[in-house]
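Report on one structure; see the data block that follows.
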Amino acid sequence: MTLILGRKRGMTQLFDGDGAVVPVTVVEAGPCVVTQVKSREKHGYDALQLGFEDVPDSRVAKPQRGHFKAVGVAPKRFLREERLAAPATLEAGAAVGIDIFTVGQLVDVIGTSKGRGFAGTIKRHGFSRGSETHGCMNVRQPGSIGTKRTGKLFPGKRMSGHFGSERITTKNLKLVRVDAERNLLFIKGSVPGPNGSFVQVQTAKTGTAKA
Amino acid sequence: MNLIQEIEQELGKKVPPPVRVGDTVQVHYLIREGDKERVQLFVGLVIGVQGRGIAKTVIVRRIVQGEGVERTFPLHSPRVRDITVTRRGTVRRAKLYYLRDRVGKGTRVGELLGDKAKREKQRDLETRAAMGGDSDAAPTADA
């Protein structure tokens, strides 16, 4: 599995060889830097820690400044770990670019969904709406939430509440195009979060590309 | 200009065909018959333009054997080789959906004439010149 960090730039469309429209999300990904190598002996598991996007020293807490200084790289805004099955082959300070991906492969994209605040059951859970006419007063209300006999509410009952701003993984999206010059990934379909938001792109965990 | 707009300019045709609502047009559309390709003409009236950038499309309406037929063409599609305007129309709305409910004489659209038409024609020619041999520069995905 390979991982790269980036920012969602927005959606557009391409035409494939047959002239069919392919909707794509453009992600500006990398270049990332390996900021730490974790090993089984020392940390109990093998992993790479990747850093993305430079920030000024003043934006980073002192302990973190030391962490970056030890590797000799500029402070980074985002740090994420990539778990490895075998000991890491890269060393701290190595660059990780967009070239780890090839066109046609499937990727998972992890991001933070758009925040919708305190949302009702219709938006949050897809409940149906009541009639707006014929004297109905129940238009966007949740309806019954239980029975009199049990006398309690079952845990997990879907209700209104905070919606969005959570970690979402969209799985098995096809990589349609890779622009190594500008560090752009063209990923078929939509990706969680608003434009400009931080996303992680990794090789798909479950899916396999169809021939 | 943001990144997405830049990308769309690179991917799409440099200059999309100059088409407006109310125009009578000929769409040169590439169709595939078996393993042969040929250009088919679809002649009709533009009753709507939708979308922006590379996603811009036109709705073209024509009457075939008494039956209304509407097709939507993406202006930047490599299959749309060209769209030529045979007649400029004068219309007062952006979508001519009212034509769907009309038959016969009611479906006519006035023609743009006079000085304005001449200026428009001149502008069209300039746009066409800018398009040059660009019609073959088809945006394609690597996939």
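In this text, all values refer to a predicted model and were calculated from it rather than measured experimentally. Just so we're on the same page: letters track the sequence lines, and every chain starts at 1.
- For a residue to count as touching a neighbouring chain, one of its non-hydrogen atoms must lie under 4.5 Å from one of that chain's; by this rule B/Leu30 does not touch chain A.
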Side-chain polar contacts of residues 182-191 of chain A - donor-acceptor pairs under 3.5 angstrom, sequence neighbours left out - could you list them?
from	atom 1	to	atom 2	distance (Å)
A/Arg182	NE	A/Asp179	OD2	3.0
A/Arg182	NH1	B/Glu10	OE2	2.9
A/Arg182	NH2	A/Asp179	OD2	3.0
A/Arg182	NH2	B/Glu10	OE1	2.8

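- Look at B/Arg79 and A/Asp18 and you find no salt bridge, because none of the NZ, NE, NH1 or NH2 atoms lies under 4.0 Å from a carboxylate O.
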Under 3.5 Å, which donor-acceptor pairs do the side chains of residues 66-73 of chain A form with other protein atoms, sequence neighbours left out?
from	atom 1	to	atom 2	distance (Å)
A/His67	NE2	A/Gln49	OE1	2.8

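- More than 12 heavy atoms of other residues, nucleotides or ligands sit less than 6.0 Å from atom CZ of B/Arg100.
- Around atom CZ of A/Arg59, no more than 12 heavy atoms belonging to other residues, nucleotides or ligands sit under 6.0 Å away.
- Interatomic distance, CG of B/Leu11 versus OG1 of A/Thr12, reported as 6.5 Å (0.5 Å rounding).
- When the shell of 6.0 Å around CD of B/Glu37 is examined, it contains more than 12 heavy atoms from other residues, nucleotides or ligands.
- Environment of NZ in B/Lys36: sparse, with no more than 12 heavy atoms of neighbouring residues, nucleotides or ligands closer than 6.0 Å.
- A distance-only check finds a donor-acceptor pair linking the side chain of A/Gln13 to the backbone of B/Ile54 [under 3.5 Å].
- B/Pro78 and A/Gly19 get closest at one heavy-atom pair: CG-CA, 4.1 Å.
- Few gaps surround CZ on B/Arg87; more than 12 heavy atoms of other groups in view lie less than 6.0 Å from it.
- Within residues 119-130 of chain A, no residue has a heavy atom under 4.5 Å from a heavy atom of chain B.
- Heavy-atom contacts from other residues, nucleotides or ligands closer than 6.0 Å to NZ of A/Lys171 number 12 or fewer.
- Rounding to the nearest 0.5 Å places CD1 of B/Ile4 at 9.0 Å from CZ of A/Arg9.
- Under the salt bridge (Lys or Arg N to Asp or Glu O under 4.0 Å) criterion, B/Arg102 pairs with no residue at all, not counting sequence neighbours.
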